[in-house]
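Presented below is the structure to which this report refers.
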Amino acid sequence: MTLSFGTRLRSAMDERGPLCVGIDPHAALLDSWGLTDDIAGLERFTFTVVEALAETVAVFKPQSAFFERFGSRGIAVLERAVADLRAAGGLVVMDAKRGDIGSTMAAYAETFLRKDSPLFSDALTVSPYLGYGSLAPAVELARESGAGLFVLALTSNPEGAEVQRAVREDGRTIGATMLAHLAAENAGETPMGSFGAVVGATLGDLSSFDLDINGPLLAPGIGAQGATAADLPAVFGAAVRNVVPNVSRGVLKHGPDAAALRDSAHRYADEVRAAVGA
């Protein structure tokens with residue numbers, strides 16, 4: 001029987017440390033590494049990160065758009081990276097933020113959550129803003145495959161508030177509604193469920209939201225965006241142990257030196273472990 005994503009994630013974070021490293025090969029970062037903004041630069045960047053970190057970091061979050069911009073050759077690099085990361089014991093959260101309805105949402109789910117897909121990932125970021133129910137094909141396939149989802153709930157970009165903090169007729173915000181849906185998906189699961197929320201680490205006091213969804217909370221914003229590991233308990237409260245802090249530029253800026261990449265990732269993981277008491 002395939003272990004659930006929530007089970008595998010808890011084990012990986014306990015063993016390797018509570019950290020997710022984003023893999024974001026945008027043009028400026030390639031340039032800072034002395035690489036060209038082409039397929040050769042993409043390959044060099046990606047596999048330097050994979051070789052440096054795959055055996056020690058718990059979770060990786062490749063941003064698919066930075067690979068898709070190179071067409072089929074970029075997708076081929078992403079396929080290889082996903083396979084190599086997973087073969088080394090890392091978990092892959094594909095940051096594709098897919099969201100649609102019906103057969104189109106099912107096709108997105110099959111791309112990333114079907115076990116025999118070349119892009120099969122341990123989890124996928126999804127957008128619920130065509131209605132949470134529109135995600136049903138992804139929820140169903142994730143359960144079948146032992147994978148997970150991270151649903152955009154309270155994101156760190158300032159533009160997100162106009163949707164996520166909008167108030168429904170029942171007095172509940174859209175963001176709170178998404179959290180409630182996820183809590184229902186995860187009910188009764190141990191050690192935690194597989195359906196998580198994306199909640200920005202830079203948002204400050206979130207005590208008005210019930211973050212105890214019995215599932216993981218993917219938290220971008222650590223490092224270059226200004227949040228620190230020490231901020232996590234104040235932001236996430238009692239749910240802090242289920243936080244998966246994401247660091248991208250804070251680690252990647254140390255490349256292409258593999259040892260420097262490893263040292264930075266280890267330092268962030270240790271800081272988070274100390275802050276959340278893991």
Side-chain angles (χ1 to χ4, degrees), residues 8 12 16-17 19-98 107-126 145 147-148 150 218 220 222-225 244-269:
R8 291 183 290 117
R16 295 188 174 194
L19 183 70
C20 173
V21 172
I23 303 179
D24 300 344
H26 55 77
L29 191 52
L30 294 178
D31 182 66
S32 75
W33 279 36
L35 300 174
T36 50
D37 186 25
D38 56 19
I39 197 68
L42 178 72
E43 286 183 318
R44 175 73 183 279
F45 175 91
T46 301
F47 293 107
T48 297
V49 174
V50 170
E51 290 168 13
L53 302 180
E55 294 186 350
T56 57
V57 170
V59 187
F60 296 88
K61 184 173 70 66
Q63 169 47 260
S64 66
F66 292 124
F67 296 85
E68 292 172 34
R69 68 193 184 103
F70 292 105
S72 61
R73 295 177 72 191
I75 295 297
V77 172
L78 181 58
E79 290 177 359
R80 287 169 52 204
V82 169
D84 289 355
L85 289 166
R86 299 191 73 242
L91 300 181
V92 174
V93 175
M94 184 61 69
D95 194 2
K97 298 184 179 72
R98 297 301 197 246
Y108 282 141
E110 289 169 4
T111 301
F112 300 106
L113 300 173
R114 195 186 69 228
K115 278 192 168 183
D116 61 353
S117 168
L119 283 170
F120 175 74
S121 302
D122 298 283
L124 172 68
T125 60
V126 291
S145 301
F150 283 100
L218 182 62
I222 302 290
Q225 294 184 48
V244 187
N246 179 76
V247 180
S248 296
R249 284 170 287 174
V251 170
L252 300 178
K253 69 181 181 181
H254 295 284
D257 185 311
L261 287 167
R262 280 192 294 271
D263 288 346
S264 178
H266 291 162
R267 185 167 57 253
Y268 273 111

| remark: To the nearest 0.5 Å, atom OG1 of T111 lies from atom CG of L124 at 9.0 Å
| message | Could you measure the distance from the OG atom of S64 to the CE atom of M94? Nearest 0.5 Å is fine. | response | 6.5 Å
| How far does OG1 of T125 sit from CD of Q63, to the nearest 0.5 angstrom? | 7.0 Å
| request: Would you check if P25 and F67 make a side-chain contact, meaning some heavy-atom pair closer than 4.5 Å? | output: yes
| Side-chain donor/acceptor of D24 to backbone N/O of H26, under 3.5 Å | no
| task | For H254 and A260, work out which heavy atoms get closest and say how close. | result | O-CB, 3.6 Å
| task | Answer yes or no: is there a side-chain heavy-atom contact under 4.5 Å between R86 and F120? | result | yes
| Separation between CG of D95 and OG of S248, rounded to the nearest 0.5 Å | 8.5 Å
| message | Against P62, only a single residue in I23, V21, V50 fulfils side-chain contact (heavy atoms from CB on, under 4.5 Å); can you say which? | response | I23
| Is any side-chain heavy atom of L29 closer than 4.5 Å to a side-chain heavy atom of F45? | yes
| query | How about R69: does its CZ atom have over 12 heavy atoms from other parts shown lying under 6.0 Å from it? | reply | yes
| task | Check whether any side-chain heavy atom of L53 lies under 4.5 Å from a side-chain heavy atom of V251, and answer yes or no. | result | yes
| said: Does any part of the side chain of Y268, heavy atoms only, come nearer than 4.5 Å to the side chain of P245, both counted from C-beta? | reply: no
| query | Going from CG on L42 to CG on L78, what distance comes out if it is rounded to the nearest 0.5 angstrom? | reply | 8.5 Å
| said: Restricting to non-hydrogen atoms, name the atom on R114 and the atom on S145 that form the minimum distance, rounded to 0.1 Å. | reply: CA-OG, 4.3 Å
| message | Any heavy-atom pair between the side chains of L261 and T48 that's under 4.5 Å? | response | yes
| request: Find the distance between CD1 (I222) and CG (N246) and round it off to the nearest 0.5 Å. | output: 9.0 Å
